[in-house]
Amino acid sequence: MTAALVTAEEPPAPPQGRPGGGTLRYVAGKLGGAAVSLLSVVVLGFVLFRVVYPGDPVLAMTHNRPATAAQQDELRARLGLDRSVPHQFLDYVRGLLHGDMGTSYTFSRPVTDKILESLGPTLLLVGTATVLATILGLWLGIRGAWRRGSRFDRTSTGIALTLWSAPTFWLGMLLLIATGQLFPSGGIRYPDTPPDFLSQAVDVAHHLVLPCVTLIAVIYAQYLLVMRSSLLEEMNADYLTTARAKGLRDDLVRRRHAVPNALLPAMTLVFLQLGLVVSGAITVETVFSWPGLGLLTYEALEAPDLPLLQGLLVVFGGAVIVMNLLADLLYRVLDPRVRAS
Amino acid sequence: MKAFWREFVRNRSGVAGLAVLALMVALALLAPVLTDRVGLDVTRAQFPRWQPPAADYWLGTDHTGRSVLLQTWWGARVSLTVGVAATLLSVGVGSVVGLAAAHFGGWLSGLLMRVTDFFLALPALVLAICLSTVLPRGIGTIVLAIGATAWPATARLVRAQTLAVEARPYIERAKVLGGGHLHIIGRHVLPGVFPLVLVNTTLTVASAIIAESTLSFLGLGDPGLVSWGSMLHEATLHGAVSQGAWWFLLPPGLGIVLVVLAFTLCGRALETVLNPRLRVS
C-alpha cells in the first residue's frame with residue numbers, strides 16, 4: 001500500500017511537452033488519458049463485482065431472510081441481473097451517467113446518496129490532515145537537508161521513518177488509550193451539543209483532533225523525505241554559490257533561492273501521493289468511527305455490499321485520477337522549463 | 001562480494017536492521033520447536049481472560065484467555081510469509097513487465113506502460129479490499145491482492161533502469177555480434193538491473209507486511225490463522241481499547257513496526273552501497 005517510498009526518492013518525470021507550444025494539444029492529451037483511465041476504473045469495478053464474484057448477489061442480499069425462488073427471481077429481474085453480462089454493463093454505465101450507482105444491500109438506499117452523505121466528513125479529515133502534514137513535512141525536510149547529517153536531521157528522519165513503518169490503525173488505537181478521556185473516542189459530534197454554529201464547530205474540531213493527528217503522523221514522512229532529497233539535489237548548484245558570493249545571509253540563500261526550486265517536485269508529489277492518504281483515511285475512520293467514506297468502505301465489506309463497494313471503487317479511483325490530472329496541468333503552469341522544452 | 005559486504009557493514013542502521021531481521025526469522029522458524037501450538041486454540045485456552053502481563057503469561061492474555069506472547073510469536077510466521085510471498089509475486093510481475101516494455105519498445109511498451117500507470121494511480125488499498133472481497137477468504141487471496149496492487153512501482157523502476165542499461169555501447173556490441181533477445185536480457189541487462197531490483201524488493205516487503213496487517217485488521221484475513229493484523233482485528237472487535245488492554249495492542253503492533261523498519265533500513269543501506277552517489281563523502 002505504501003510502496004511510495006521507493007519512488008519517492010526520484011522526482012516525478014516532467015510531462016512531455018511538444019515543441020512549438022501546443023498547450024491545447026497537451027491539455028487535450030491529458031484529458032483524453034484521464035477519460036480512458038476513468039472508463040477503465042468503471043470496467044474494472046464491473047468485472048470484479050459482477051463477473052469475478054463467485055456468489056449469487058441475490059443470495060447475498062437475502063441471506064438473513066428466507067426467500068422463495070419466485071421472490072428471488074423477481075428481485076433478479078428488478079436488479080437487471082437476469083440479462084446478459086454485456087447488457088448489464090451497458091445498464092450500469094447508463095445509470096452511472098445519470099448519477100445512479102444502484103441500491104446498497106445493507107442500507108437499502110441509493111449508493112449515490114450514501115456516498116454523498118459521507119463525502120463531507122472525509123474531505124474535512126483528509127483536507128485538514130494533508131495541509132498540516134504538508135507544512136510539517138516540508139518544514140522538517142528543508143531544515144534537515146540544509147544541515148544534512150546533523151543531529152536534527154538524523155532525529156527527524158528517524159522519527160519519520162519509524163512512524164511511517166507503523167500501521168495507521170495501530171497508532172490510532174494507541175493514541176486512544178494514551179489520551180484516556182481527554183478526547184471523544186469516536187464519531188463526529190455529540191448528540192446533545194447545542195445547534196448554534198460555534199458550539200457545533202468546536203464539537204467537530206474536538207472530535208477531529210485524534211483522527212487528524214493519526215493521519216498526519218503516517219503521511220508527513222513522505223513529504224519530509226521528498227522535500228529533503230529534492231533540496232539535497234539543489235544543494236551543490238552553481239546559483240547557490242553565486243548567491244553566497246553576493247554576500248547573502250545563509251537564511252536568505254535558503255529561503256529565496258534553494259527552496260523555491262526544490263519545492264516544485266515536492267508539491268507535485270503532494271498530489272500524486274493521494275492514494276496513500278486514501279488508504280490512511282480508510283483505516284483511521286474505521287478506528288475512530290469517523291462517518292466518512294472510509295467507515296462506509298469498512299461497513300460495506302462486511303456484508304459484502306457489492307453495489308456500495310463498486311461505487312466506492314469508482315469514486316476513490318476517480319478522485320485520484322482527477323488529482324493526478326490536476327498535478328500534471330499544475331506542473332506545466334508552475335515550471336516554465338517544462339513549457340519551453 | 002567482499003567489498004560489498006565491507007561497505008554494507010559500515011552502515012550502522014543497515015546492520016541493525018539485518019540483525020533484527022535475522023533474529024525475527026529465526027524465532028519465527030523455531031516457533032514449533034520452542035512453543036506448543038495448542039495454546040492458540042480458543043477452546044483450550046488455559047488462562048483467565050484479559051489479564052495484564054504476569055509470570056505465567058509474560059505479555060498478558062486476550063479476551064479468550066490465550067497468551068498474547070504465543071499469538072504474537074506464531075503471528076510472525078504468517079505476517080512474514082505473506083509479506084515475502086506477496087513481494088516475490090509483485091517483483092516478479094513488475095520485473096517482467098518493466099523488462100519487456102523497455103527491451104521490446106514500440107506498441108507493446110506503450111500498452112504495458114499505460115496499464116502500469118493506470119494501476120499505479122489507483123489507490124492500492126481500495127483495490128486490494130475489492131479483490132479480497134470478491135475472492136474466497138484465505139492466505140492465497142491476501143498474497144494475490146497485495147501482489148496485484150504492488151507491482152506497478154517495480155515495473156516503472158525496472159523499465160527506467162533497463163532503458164539506461166540498454167543505451168550503453170556494450171549492448172549494441174552484443175546485438176551486432178548476433179545476440180538474441182534472451183541472451184541480451186539474461187547476460188547483459190539483468191546483471192545491470194538486479195541491484196536495483198534487490199533494493200526495491202527489500203522495501204516492497206516492508207510495505208507488503210503493512211498491507212497484510214491492514215487487510216487482516218479490516219477482517220479480510222484468513223479466519224483460521226493468527227497474524228499480527230488479525231490480532232489487532234480481534235482486539236478491536238472485543239473492545240481492547242475501552243478495556244485499556246494495552247498488552248494486547250502493543251506486541252503485534254511493535255512486531256510490525258520492528259520488521260517494517262528493519263526491512264526499510266536494510267533497503268536504504270543497500271541503496272547507499274549500490275548507488276555511490278548517495279554516499280556521504
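Every heavy atom of this structure was used, including side-chain atoms; hydrogens, water molecules and symmetry mates were not. Naming: A, B, ... by sequence-line order, numbering from 1 per chain.
Contact annotation for B/Ile129: only side-chain heavy atoms (C-beta onward) come within less than 4.5 Å of a heavy atom of chain A. Interface remark: A/Phe316 contributes backbone and side-chain atoms alike to the contact with chain B (heavy atom separation under 4.5 Å).
Note that the CZ atom of B/Phe118 and the CD1 atom of A/Ile321 stand 6.0 Å from one another [nearest 0.5 Å]. Here CH2 of A/Trp170 is found 8.5 Å from CG of B/Leu232. Values are rounded to the nearest 0.5 Å. Here the straight-line distance linking atom OG1 of A/Thr286 with atom NE2 of B/His233 works out to 11.0 Å at 0.5 Å rounding. With values rounded to the nearest 0.5 angstrom, B/Leu220 atom CG is found 5.0 Å from A/Leu301 atom CG. Expressed to the nearest 0.5 Å, how far CE of A/Met173 lies from OG1 of B/Thr236 amounts to 3.0 Å. Note that OG of A/Ser165 and CG of B/Leu261 are 4.0 Å apart. Values are rounded to the nearest 0.5 Å.
Of all residues in residues 248-256 of chain B, those placing a non-hydrogen atom less than 4.5 angstrom from a non-hydrogen atom of chain A are B/Leu249, B/Leu250, B/Gly253, B/Leu254, B/Ile256. Applying a 4.5 Å heavy-atom cutoff, the residues of residues 37-45 of chain A that approach chain B are A/Ser37, A/Ser40, A/Val41, A/Leu44.
Across every non-hydrogen atom of B/Ser213 and A/Phe169, the tightest pair is O-CZ, 3.6 Å. Nearest heavy atom pair, residue A/Val287 against residue B/Phe217, reads CG2-CZ, 3.7 Å. Closest approach of B/Ala121 to A/Asn324, counting heavy atoms only: CB-ND2, 3.3 Å.
Ranked by non-hydrogen atom pairs under 4.5 Å with chain B, the options A/Ile177, A/Val320, A/Leu309 are led by A/Ile177.
Put simply, the residue from A/Leu293, A/Val315, A/Ile282 that forms a side-chain contact (heavy atoms from CB on, under 4.5 Å) with B/Val126 is A/Ile282.
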Task: CA sep, side-chain torsions, deciding dist, call: B/Thr133, A/Leu48, side-chain contact (heavy atoms from CB on, under 4.5 Å) - done: CA-CA 9 Å; B/Thr133 317; A/Leu48 277 182; over 6 Å; no
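In this structure, B/Phe194 places its CZ atom where only 12 or fewer heavy-atom neighbours from other residues, nucleotides or ligands lie under 6.0 Å away.
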